[in-house]
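Everything numeric in this text was worked out from a predicted model, so none of it was measured. Naming convention: chains lettered A, B, ... in sequence-line order (proteins, then strands); numbering from 1 in each chain.
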Amino acid sequence: MSAAISKSLESGLAGRQLSFRYDRKLPWLFRGLDISIAPGEAVGLTGPSGAGKSTLAQILAGFIKPLSGSLMFNDKPLPQKGFSPVQYIYQHPQLAVNPRWTGGQIVAEAFQPSEELLDMLEISADWLNRYPHELSGGELQRMAVARALGPETKCLLADELSAMLDPLTQALIWRTLINYKNKGLSLLVISHDRHLMTKVCDRMLPLKRFDQP
Amino acid sequence: MAEYLLEVEHLALNFYRHKGFAGQESLSPVVDLSLKLMAGEILAVVGSSGSGKSLLASAVLGILPGNCREQGLIKYRGQVLTKILRQSLRGSDIRLIPQSVSYLNPLYTIGWQLKQAALAAGVTPALVRTEITEAITRYELPESTLKLFPHQLSGGMARRVLTATATMGSPRLLIADEPTTGLDEDLITESLKFLKTLADDGCGILIITHDLSAVTDFADYVTVFIDGLSVETCQTETVVQQGWTTLKHPYSRALWRSLPVMDFWDGLPENSGRHSHGCPFASRCEGCQDLCLAHHPNISNTNEREYVRCHF
């Protein structure tokens, strides 16, 4: 750990001097990028398609290792094993669930969500017996949200979370998430919907496309 | 009377699956859907998730799984769409822009998949190359995309590739299932504008979407679905000019009102928890009466195209 990082003691999720590109021949997605999300804060990540928004979120979730820079949660690196306090929700829920599991198995993968949480997200009991291909995108996405909102979750990375949802369900999910945010959950919001971002985010972080190799 | 390009009348879908040793149980995600589309028109289908929007697309293309039974009528240019007809029309006359990026084959490059789409669309082999180049420039995809595999694309790029595959050659009926999710605003306008030019050339377009704000600018009509029931069809022009309060069904009004640009979660209808055998919106409707819980409302037409399905 470098001296500069150990000096700044802060809670929440913090990425310092992050750089990443998929291949040496490809341009940088970002270089020396700093990002921090405090508990109870919602940060909006904006930028054109292909700018690296999802990649950055996956780095913050610990799915991808940055080529340089560090990632800290409450001044400690993310745990390598067990439940991570930082949870990532995919843009496409179909790709984030086991196709051979029923809805009930999917939502209870990490913890048993309370009836109250399922009600808040309006997940009806009979979806829990269905398999992913028998559920609509919006239904699956609500299950993915329920699955990620465990008691140990401190930070949620919402990658186009509500892009597949109708406006009513979208409003419902965001009301639930903002409820959790007010109790201290950190949020990173990726969305192309300007109006949604201004309603749910406390501040915005624009991500530009680096075009020089 | 003018001929409709696509007519769906009282479509119902039942899925059967085994239960126990010899038992069967059924699911009915689509109860009663009706819509009409003329050539050169854009019809938007909006509604709650799981309301059967994507199933409607699969039904028209004839790609529903084998355990599904269909009731009602689907007509294409006045002809009843039979199983064989659907098979011969899909990919050439009738195209789909699928919702999920998992429709791309993960084992082949984008270039190969675009080529197959062009050939299926009836593009002559000699012209395939130019057609592909045109398609990728239209969606601002770099030439290098052709060598990539689906997992190497961003969400927005994959969507553009799917759109490119469906718009090769000259489709007559295009079903776009959520064509705008995951795209930034410029690209949304760009791709909807392109759909508009297709419509101006005489192609009928069915857009299945959640993005009401985009719809109102481009579509001629909008049909609202809830839980497998089509509850309202109206002209978008009236909604644009006079606002969401002109909508007749309480569900359509709630849908518009909950847009982030409108009231968002402030206007969310509360769920009374009452079980309904009738109108699917009854448990959340302010004007709900006993009649709504007991019976499905029938369609009442305002004119030949516009209708509402509400007891009141």
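Taking chain A as the reference chain and counting heavy-atom pairs below 4.5 Å, the highest number among Leu259(B), Asp266(B), Leu268(B) is found for Leu268(B). Contacts with chain B were tallied for Arg175(A), Glu122(A), Arg130(A), Arg142(A); Arg175(A) has the most, counting heavy-atom pairs under 4.5 Å.
Taking the six-membered ring where tryptophan is involved, the planes of Tyr131(A) and His133(A) are essentially parallel, since the angle between them stays under 30° and well short of 60°.
Heavy atoms of Leu168(A) lying under 4.5 Å from chain B belong to its backbone as well as its side chain. Contact annotation for Leu255(B): both backbone and side-chain heavy atoms come within less than 4.5 Å of a heavy atom of chain A. Heavy-atom distances place the side chain of Asp193(A), and not its backbone, under 4.5 Å from chain B. Both the backbone and the side chain of Arg194(A) come within less than 4.5 Å of a heavy atom of chain B. For Arg17(B), the part lying near chain A is the side chain, with the backbone staying farther off; criterion is any non-hydrogen pair under 4.5 Å. Only the side chain of Gln94(A) comes within contact range of chain B, with at least one heavy atom under 4.5 Å from a heavy atom of that chain. There is no contact between Gln141(A) and chain B, counting heavy-atom distances below 4.5 Å. Using a 4.5 Å cut-off between heavy atoms, Ile178(A) touches chain B through its side chain atoms alone. Neither the backbone nor the side chain of Ile188(B) comes within less than 4.5 Å of any heavy atom of chain A.
For the pair Arg253(B) and Trp244(B), the NZ or CZ position fails the cation-pi test of under 6.0 Å to the six-membered ring centre and within 45 degrees of the ring normal.
With hydrogens and angles left out, the side-chain atoms of Ser28(B) and Asn14(B) include a donor and acceptor closer than 3.5 Å. Side-chain contact, Ser230(B) with Thr223(B): no donor N or O sits under 3.5 Å from an acceptor N or O.
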Return a table of donor-acceptor pairs under 3.5 angstrom between the side chains of residues 149-158 of chain B and protein atoms on other chains or two or more places apart.
from: Gln152(B); atom 1: OE1; to: Phe149(B); atom 2: N; distance (Å): 2.8
from: Ser154(B); atom 1: OG; to: Met157(B); atom 2: N; distance (Å): 3.3

Show, in sequence, the C-alpha distance, side-chain angles and deciding distance for Leu196(A) and Phe264(B), and conclude whether the side chain to side chain contact (heavy atoms under 4.5 Å, CB included) test is met. CA-CA 9 Å; Leu196(A) 172 72; Phe264(B) 207 22; 3.4 Å; yes
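By the 4.0 Å N-to-carboxylate-O rule, Asp166(A) lies too far from Lys53(B) to be salt-bridged with it. Between Arg147(A) and Glu109(A), at least one side-chain N (NZ, or NE/NH1/NH2) sits under 4.0 Å from a carboxylate O, which counts as a salt bridge.
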